[in-house]
Amino acid sequence: RSSVDSDDHDAKRPRLQESTDKARWRLRSEGGRHTWHYLEDDEAAKEWPQSYADKYYLGMPLELPELPKATNPLDAVRNGLTFFEKLQLPEGHWGCEYGGPMFLLPGVVIARYVTKNPVPWYYATEIKNYLFARANPVDGGWGLHIEGESTMLGTTLNYTTLRLVGVEADHPVMVKARATMHKMGGAICAPHWAKFWLTVLGIMKWDIVNPVPPELWLLPDWVPIAPWRWWIHMRQVFLPMSYLWSKKWQAEETDLIRELRKELFVEDWDKIDWAGNRNTIHPNDNYHPKTAFLNTVNWLLVNIWNPVFRVKYLVDKAEAWASELIDMEDENTDYSDLAPVNAAMNTVCCYVRDGPGAYSVRRHVERLDEVLWVNAEGMLCNGTNGVQCWDTAFAIQAIMDAGLTEDPRWRPMLIKSLEFLEDQQIRENVKDQDKCYRHPRKGAWAFSNKDQGYAVSDCVSEALKSVIILQKTPGFPTLIDDQRIFDAVDTMLTYQNPSGACSSYETPRAGQWMEVLNAAEVFGNIMVEYEYPECTTAVLTTLSLFKKHWPNHRTDEIDSFITRAVKWIKSDQKPHGGWYGNWGICFTYATMFALESLASVGETYETSKYAKKGCDFLISKQREDGGWSESYKACETGEYVEHPTGSQVVMTAWALIGLIKAKYPNIEPIKMGIKLIMDRQQPNGEWLQEAIEGVFNKSCMISYPNYKFVFPLKAMGLFAKRYPDEKVV
Ligand code: LAN
């Protein structure tokens with residue numbers, strides 16, 4: 001490699017600016033695909049004015065008039081809808097800053113760097129601003145997620161990202177971050193995923209990465225540990241990782257990479273014992289320490305398997321099959337891929353295999369844009385390519401629960417939402433479904449959009465519920481005919497486990513014992529599908545609704561599904577009366593869904609001891625000001641923990657929805673909660689962002705900013721419907 005080449009590569013690094021001009025950013029949505037555009041050209045900017053939604057996401061003033069002050073919950077709902085309607089995108093859904101995790105943006109930036117598609121200066125500038133804004137104010141590092149303490153995963157990867165986008169090593173932010181990184185032991189203490197990315201960049205050597213053998217993909221399907229049995233996110237990350245590990249591929253060495261070798265470590269780079277530090281890890285990253293079993297397996301792989309048995313024939317075969325599976329994932333999603341982690345890795349795999357100019361690489365890079373988001377702080381990476389179908393479904397339900405679906409004032413907004421859900425229904429299973437181990441998806445909805453196209457049990461349910469509600473309301477068109485509704489139900493019915501519960505993307509394909517192979521260190525419960533109350537309750541609530549309108553479709557199966565689901569939900573109730581939530585924080589979130597689903601089969605406070613206990617649990621957590629305020633810490637510890645900043649609007653709404661759905665008999669505590677939500681509403685109808693709402697894998701938090709609209713609206717609407725004459729002032 002000549003140094004001329006590498007200088008050239010570095011010369012392509014973006015020109016960083018202090019900031020971009022926020023007035024030049026626009027969000028485009030085409031078929032539910034979101035991309036942000038920076039209009040450098042004045043004419044173009046004039047022709048494509050900023051919408052309210054653009055300005056809102058960018059944190060620019062909207063200058064909306066004050067609305068008449070609401071004196072009852074229904075007027076507060078109307079005010080909220082007046083604001084929320086302004087954010088609806090022309091295609092009928094809502095955009096969403098879906099940040100929180102701090103390990104996603106590095107993947108995108110690294111993938112672009114190593115494939116020589118550096119980000120443009122306006123991305124680089126806003127990525128820098130975002131990461132600067134999100135550095136831990138005390139030690140200057142970055143965590144696993146925005147509210148977490150500094151970890152080596154966050155700090156090494158985001159430090160590197162900042163350097164790749166053009167920040168100099170002597171910038172004060174970098175000096176501070178580096179000091180923390182060194183104090184924590186330097187990059188050799190980073191967890192597996194960070195070691196992987198840093199090695200791909202050429203900052204580390206492959207010897208420091210625990211083995212990721214693609215040979216595992218050659219195991220026959222009946223083998224209990226075969227990767228097709230893993231949780232879809234794990235196997236889709238393992239897949240491209242194993243391909244690159246097998247190839248021991250590293251990016252072209254550049255001056256910048258040589259500098260990073262000096263910056264990231266405490267030791268002299270030439271003297272680092274790479275193999276000896278495979279298992280070195282900082283305690284902050286070691287949420288799920290590797291088991292003795294996995295450490296033994298890794299030792300055997302490194303010392304016996306790789307040198308003796310990893311023969312060319314086997315390696316070629318394993319790489320070829322991994323490569324084919326990568327192609328199938330790319331084809332099934334048109335290169336969007338399941339989530340930003342595997343999307344970034346698949347991009348690198350295609351570059352390695354197909355070469356720089358290949359369509360696969362160009363298409364990947366294009367689609368990676370869809371996970372990037374711009375906000376007031378800068379540019380971040382969303383957890384998925386959006387929250388389109390999910391948020392739209394809840395928006396419709398909120399209006400329905402307020403009894404406003406028939407009010408012509410909201411019809412245009414609702415019709416657009418229905419049209420969007422119609423457009424986004426997945427119409428076919430994936431090609432070669434069994435070969436690539438995919439779950440049926442015909443008739444389903446994904447969390448984000450149909451391009452990504454992964455059915456999730458509760459995403460299908462919430463979307464279908466909303467479609468049924470609207471299509472059964474006088475004045476709404478039937479855009480989705482019965483057969484398509486049956487397709488959705490048929491897919492939902494595939495999601496029940498023998499226990500009666502539902503999981504997320506698939507039914508479990510192996511037991512929890514698979515966690516012995518969890519190599520990621522930073523997450524718990526990631527190796528297989530688990531049983532989730534949120535997913536189970538969502539399917540239950542929707543099937544109960546479906547049954548009312550179509551009593552003759554697969555009656556026996558649906559009845560038996562419902563009976564078994566109810567039984568499981570009851571069995572999952574914790575002794576204190578709440579349910580543990582896996583995707584929202586935490587007991588409050590899941591208890592809302594549980595109470596709603598029990599109510600859907602007629603079990604409420606007066607008729608069911610389970611519903612009563614759930615309500616009593618919620619009431620026991622109400623604060624003096626009438627609100628609720630569970631903290632994300634509850635997800636980690638499994639105990640209800642109060643948020644230090646006091647009552648939260650979203651939490652309060654969740655608790656109230658549970659109580660109202662369960663027909664909790666005493667209006668007073670409910671009224672207090674409603675009052676809190678109304679008091680927090682701004683004169684223009686909006687609510688302001690408070691603490692983070694969502695979680696995954698127990699340890700990583702993720703934002704759901706639209707929740708502060710849809711759930712308060714739903715809670716107040718339900719209240720207004722149940723107590724129509726009640727004023728709350
Ligand atoms: C999501 C987001 C949505 C969420 C719900 C629909 C809310 C939930 O009820 C079921 C699970 C699901 C679909 C879900 C699963 C895990 C995701 C995709 C995420 C939390 C968003 C980001 C996360 C993904 C795993 C992030 C990448 C990280 C890895 C460990 C690969």
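Numbers for residues simply follow the sequence, beginning at 1. For ligands, and for the atoms within them, numbers begin at 1 and follow the listed sequence.
Under a 4.0 Å N-O distance rule, the pair Asp458/Lys465 does not qualify as a salt bridge. Checked for salt-bridge contact, Arg427 and Asp487 miss the test: no charged N lies under 4.0 Å from a carboxylate O. Salt-bridge check for Arg134 with Glu377: passed, with a basic side-chain N closer than 4.0 Å to an acidic carboxylate O. A salt bridge links Asp334 to Arg367: at least one charged side-chain nitrogen sits closer than 4.0 Å to a carboxylate oxygen. A salt bridge links Lys714 to Glu596: one of the charged nitrogens lies within less than 4.0 Å of a carboxylate oxygen.
Atoms of ligand 1 lying under 4.0 Å from any heavy atom of Phe103, numbered from 1 in the order shown and given with element: 28 (C). Close contacts of ligand 1 with Gly383, meaning ligand atoms under 4.0 Å from a residue heavy atom, involve 22 (C). Each of the atoms 2 (C), 3 (C), 7 (C) of ligand 1 lies under 4.0 Å from some heavy atom of Tyr704. Atoms of ligand 1 found under 4.0 Å from any heavy atom of Val341, numbered from 1 in the order shown, are 27 (C), 28 (C), 31 (C).
Ligand 1 lies out of reach of Tyr454, whose nearest heavy atom is not under 4.0 Å from it. Under a 4.0 Å heavy-atom criterion, Phe238 is not in contact with ligand 1. At least one heavy atom of Trp193 sits closer than 4.0 Å to an atom of ligand 1. For the pair His233 and ligand 1, a heavy-atom separation below 4.0 Å is found.
Counting heavy-atom neighbours within 6.0 Å of Lys633 NZ, excluding the residue itself, gives a total of 12 or less.
Looking at Cys459 against ligand 1, only its side chain comes within 4.0 Å, counting heavy atoms. Neither the backbone nor the side chain of Tyr532 comes within contact range of ligand 1; no heavy atom lies under 4.0 Å.
Looking at Phe696, Tyr505, Phe447 and measuring to atom 14 (C) of ligand 1, the nearest heavy atom belongs to Tyr505.
Between Tyr505 and the choices Glu529, His439, His233, the side-chain hydrogen bond (donor to acceptor under 3.5 Å, both in side chains) rule is met once, by His233.
Among protein heavy atoms, the minimum distance from atom 9 (O) of ligand 1 is reached at Asp458 OD2, 2.3 Å. Summary of contacts: the protein heavy atom closest to atom 21 (C) of ligand 1 is Tyr98 OH, 3.4 Å.
Ring planes of Trp94 and Phe84: parallel class, angle under 30° (limits at 30 and 60°).
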Throw together a table of side-chain donor-acceptor distances under 3.5 angstrom for residues 340-347, partners on residues two or more places apart or in other chains.
unit_1: Asn342; atom_1: OD1; unit_2: Leu338; atom_2: N; d: 3.4
unit_1: Asn342; atom_1: OD1; unit_2: Ala339; atom_2: N; d: 3.1
unit_1: Asn342; atom_1: ND2; unit_2: Glu329; atom_2: OE2; d: 2.9
unit_1: Asn346; atom_1: ND2; unit_2: Asp330; atom_2: OD1; d: 3.1
unit_1: Asn346; atom_1: ND2; unit_2: Asp337; atom_2: OD2; d: 3.2
unit_1: Thr347; atom_1: OG1; unit_2: Ala343; atom_2: O; d: 2.6

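In terms of polar-atom proximity, Glu534 is not counted as a contact of ligand 1, lacking any N or O under 3.5 Å from an N or O of the ligand.
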